[in-house]
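Small disclaimer: the values here were computed from a predicted structure and weren't measured.
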Amino acid sequence: MRGYRFAVAAAIAAAALSAFSARAEKADRDKPTQVEANRMTSDEARRVSLFEGNVVLTKGTLRLQADRVVVRQDADGFQFATATGKPVRFRQKSDPRGGQEGVWIEAEAERVEIDERSERVELFENANVTRDKDVLRGSYILYDQRAEFFSVSSPKGAQGSRVTAVIQPKKPEAEPAAPKKPEARR
């Protein structure tokens with residue numbers, strides 16, 4: 001019975017955490033999920049699982065490290081996860097795009113909340129996201145996967161605190177060849 005509960009809890013955690021990146025490698029969906037922690041409890045009646053102590057979740061290229069992860073599932077089967085740590089770290093490779101190889105997306109914050117229903121990821125306190133070499137930093141980062149929208153905020157009321165964004169120049173995609181000019185008649 002304990003193995004069954006662990007499998008259910010791991011499946012819930014994986015489903016919730018796979019929502020982090022809309023452009024995550026599609027191959028990750030078919031990979032097995034492995035969760036390691038010092039302790040795990042699962043309340044199936046309330047649909048809540050708790051992983052504590054050096055939590056490491058891996059699924060394909062996805063890797064999440066936290067001190068504590070709480071995963072809830074609603075009546076419709078959507079998962080909601082809250083990961084806390086000093087910091088929570090997340091890493092996943094994106095799908096190839098525009099003939100370019102996929103890039104690594106890395107994030108960290110004191111707390112990460114993932115809402116599968118609304119496809120939103122929120123990072124709280126000392127939040128930063130690195131995608132390839134682009135970097136976002138602030139007290140709070142919201143990523144809405146449906147709209148592919150980021151919002152970064154500094155701490156409210158903090159003097160001199162600002163958000164930071166470092167955006168690398170992008171190489172243009174291959175331009176179509178210019179049409180050849182007709183040869184001049186002689």
Go through the steps to decide whether Glu122 and Ile141 satisfy the test side-chain contact (heavy atoms from CB on, under 4.5 Å), and finish with yes or no. CA-CA 6 Å; Glu122 295 177 280; Ile141 298 175; over 6 Å; no
With the side chain counted from C-beta on, respond yes when Val135 and Val129 share a heavy-atom pair under 4.5 Å apart, and no when they do not.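 Of all side-chain heavy-atom pairs linking Val129 with Val135, none is under 4.5 Å.
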Find out whether Leu64 and Val69 are in side-chain contact, i.e. whether some heavy atom of one side chain is under 4.5 Å from a heavy atom of the other.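 In contact.
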Show the nearest heavy-atom pair for residues [X] and [Y], with the distance to one decimal.
{"X": "Arg72", "Y": "Val48", "answer": "CG-CG2, 3.9 Å"}
{"X": "Gly138", "Y": "Val163", "answer": "CA-CG1, 4.5 Å"}
{"X": "Leu123", "Y": "Asn128", "answer": "CD2-O, 4.3 Å"}
{"X": "Ala37", "Y": "Val55", "answer": "CB-CG2, 4.0 Å"}
{"X": "Ala81", "Y": "Val71", "answer": "CB-CG2, 4.2 Å"}
{"X": "Ser139", "Y": "Ala127", "answer": "O-CB, 4.1 Å"}

Donor-acceptor check, side chain of [X] to backbone of [Y], threshold 3.5 angstrom: yes or no?
{"X": "Glu116", "Y": "Gln79", "result": "yes"}
{"X": "Thr61", "Y": "Lys93", "result": "yes"}
{"X": "Asp144", "Y": "Phe149", "result": "no"}
{"X": "Asp115", "Y": "Arg117", "result": "yes"}

Does CD belonging to Gln168 count more than 12 external heavy atoms closer than 6.0 Å?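 Yes, enclosed.
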Around Asn126, counting heavy atoms of other residues, nucleotides and ligands shown, do more than 12 lie under 6.0 Å from its CG?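 12 or below, so no.
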Tell me whether Phe150 shares a hydrophobic cluster with Val88, the cluster being built from Ile, Leu, Val, Met, Phe, Trp, Tyr side chains joined at under 4.5 Å.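 In one cluster with Phe150: Val88, yes.
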Within one Ile-Leu-Val-Met-Phe-Trp-Tyr cluster: Val35 and Val56, side-chain cutoff 4.5 Å: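 No, it is not one cluster - the side chains of Val35 and Val56 are not joined through contacts under 4.5 Å.
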Give me the ring orientation class for Tyr140 and Phe124: parallel if the planes are under 30° apart, tilted from 30 to 60°, perpendicular past 60°.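 Aromatic pair Tyr140/Phe124 classed tilted.
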Supply the atom-to-atom distance [X] [atom1] to [Y] [atom2], rounded to the nearest 0.5 angstrom.
{"X": "Leu136", "Y": "Thr164", "atom1": "CG", "atom2": "OG1", "result": "9.5 Å"}
{"X": "Glu108", "Y": "Lys86", "atom1": "CD", "atom2": "NZ", "result": "12.5 Å"}
{"X": "Glu106", "Y": "Phe90", "atom1": "CD", "atom2": "CZ", "result": "10.0 Å"}
{"X": "Arg111", "Y": "Arg68", "atom1": "CZ", "atom2": "CZ", "result": "12.0 Å"}
{"X": "Arg63", "Y": "Thr58", "atom1": "CZ", "atom2": "OG1", "result": "7.0 Å"}
{"X": "Trp104", "Y": "Arg91", "atom1": "CH2", "atom2": "CZ", "result": "4.5 Å"}

Does the distance from a Lys or Arg side-chain N to an Asp or Glu carboxylate O, for Asp74 and Arg47, drop under 4.0 Å?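 No salt bridge links Asp74 with Arg47.
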Using side-chain contact (heavy atoms from CB on, under 4.5 Å), reason through Val166 and Asp134 one step at a time and then give a plain yes or no. CA-CA 5 Å; Val166 178; Asp134 295 342; over 6 Å; no
